[in-house]
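Computed over heavy atoms, backbone and side chain alike; hydrogens, waters and symmetry mates excluded.
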Amino acid sequence: MENELVKKLKAGNEGAFQTCVEMYKDKVLNTCFHFLHNHLDAQDTAQEVFVEVYRSVHSFRSDAQLSTWIYRIAVNKSLDLLRKKKRKKRFGYVLSIFGEGEDAEPVYIKSESDPLLDLEIKERTDILNAAIDSLPENQKTAITLSKYEGFSNKEIADILDASVSSVESLLHRARKNLHKKLYNYFEKNI
């Protein structure tokens, strides 16, 4: 089925492209969100992923799975946006030193559940996300694909174009670094 879909995509079949989007949109959106932590950025990036799929499907080599190729694009687009935001943030910091620029305040959606529980969950999520964000990029990518997206080590290896053993090593180092960062944080703050 996937080979047939790829053939139709390469032929420019719009129905095949719609099928492709329907098959992978939720997983791509989730992947982008787990890297970006922002729904609007994730939606924009997911759209960019499918534009890239449409534009470059002719260069897709069938030695990999279509899904793996699409998730690789999603990871790369997400990481590109993060790099761009870091550069922009650094530039914004320089402007703020000189009294220019604007500080963005995060917006949190109100919930109808217990506000104290929501706050505690949000704080723990923020602490975990900050710890993951502080990991080296390759460790962050591996742990995000493994723990948030549920990919197997083999699938992560395909997405990252790496060996399974190097993915296992990345995940081991990522877990070790996260444990250390979270232990240090909670030791200082609790």
Side-chain angles (χ1 to χ4, degrees), residues 1-92 104 106-107 109 125-126 128-164 166-167 170-171 174:
M1 161 137 175
E2 188 173 279
N3 289 337
E4 192 62 36
L5 180 62
V6 171
K7 285 178 188 175
K8 288 179 180 179
L9 285 170
K10 287 185 174 187
N13 182 310
E14 288 186 29
F17 180 70
Q18 287 297 328
T19 300
C20 178
V21 171
E22 286 302 315
M23 285 174 65
Y24 299 111
K25 70 180 180 182
D26 292 338
K27 195 82 165 156
V28 166
L29 183 61
N30 285 336
T31 299
C32 294
F33 178 76
H34 282 113
F35 279 94
L36 302 171
H37 309 298
N38 178 299
H39 288 289
L40 292 176
D41 286 346
Q43 289 172 339
D44 290 345
T45 303
Q47 286 180 352
E48 287 180 31
V49 168
F50 288 108
V51 167
E52 182 69 25
V53 166
Y54 187 79
R55 252 191 264 157
S56 60
V57 72
H58 62 279
S59 66
F60 171 69
R61 297 182 322 269
S62 295
D63 57 338
Q65 290 186 325
L66 180 64
S67 59
T68 301
W69 181 67
I70 292 171
Y71 298 135
R72 185 180 302 155
I73 293 170
V75 168
N76 288 336
K77 292 273 183 197
S78 298
L79 293 174
D80 287 346
L81 181 60
L82 287 174
R83 287 184 205 106
K84 183 177 175 183
K85 283 185 165 213
K86 280 185 182 178
R87 285 192 299 272
K88 192 174 183 180
K89 190 184 250 184
R90 274 187 242 126
F91 185 69
V107 177
I109 298 170
T125 301
D126 289 347
L128 178 60
N129 287 338
I132 291 171
D133 287 342
S134 71
L135 292 172
E137 189 174 282
N138 56 356
Q139 291 178 24
K140 176 185 175 181
T141 302
I143 200 84
T144 299
L145 291 173
S146 175
K147 297 303 177 192
Y148 286 117
E149 297 304 317
F151 286 110
S152 70
N153 290 356
K154 170 73 173 109
E155 291 169 320
I156 296 169
D158 290 343
I159 291 169
L160 298 179
D161 198 21
S163 68
V164 173
S166 66
V167 168
L170 279 174
L171 289 170

Using 4.0 Å as the upper bound for N to carboxylate O, is an ion pair formed by D158 and K154? yes
Donor on one side chain, acceptor on other, S59 and S56, under 3.5 Å: no
When you measure from the side chain of [X] to the backbone of [Y], do you find a donor-acceptor pair of N or O atoms at a distance under 3.5 Å?
X: S134; Y: A131; value: yes
X: K77; Y: C32; value: no
X: Q139; Y: P136; value: no
X: K27; Y: E149; value: yes
X: E2; Y: L66; value: yes
X: T45; Y: D41; value: yes

Would you please classify the geometry between the Y71 ring and the Y24 ring as parallel, tilted or perpendicular, with 30° and 60° separating the classes? perpendicular
Once the angle between the rings of W69 and F60 is folded into 0 to 90°, is it parallel (under 30°), tilted (30 to 60°) or perpendicular (over 60°)? tilted
Heavy-atom pair with the smallest gap, counting every atom of [X] and [Y]:
X: L145; Y: L160; result: CD1-CD2, 4.4 Å
X: V164; Y: A157; result: N-CB, 3.9 Å
X: V57; Y: K10; result: O-CE, 3.3 Å
X: V28; Y: A74; result: CG1-CB, 4.1 Å

Heavy-atom side-chain proximity of [X] to [Y] below 4.5 angstrom:
X: Q43; Y: L29; value: yes
X: L82; Y: L79; value: yes
X: L170; Y: I156; value: no
X: M23; Y: L5; value: yes

side-chain contact (heavy atoms from CB on, under 4.5 Å) evaluation trace for N138 with S166: CA-CA 10 Å; N138 56 356; S166 66; over 6 Å; no
Greater than 12 external heavy atoms within 6.0 Å of Y148's OH: yes
Any chance you could lay out the side-chain contact (heavy atoms from CB on, under 4.5 Å) test for F35 and K140, step after step, and finish with the verdict? CA-CA 9 Å; F35 279 94; K140 176 185 175 181; 4.2 Å; yes
Before you tell me yes or no, could you show the steps for L128 and T125 under side-chain contact (heavy atoms from CB on, under 4.5 Å), namely the whole-Å CA-CA distance, both residues' side-chain angles and the distance that decides it to 0.1 Å? CA-CA 5 Å; L128 178 60; T125 301; 5.9 Å; no
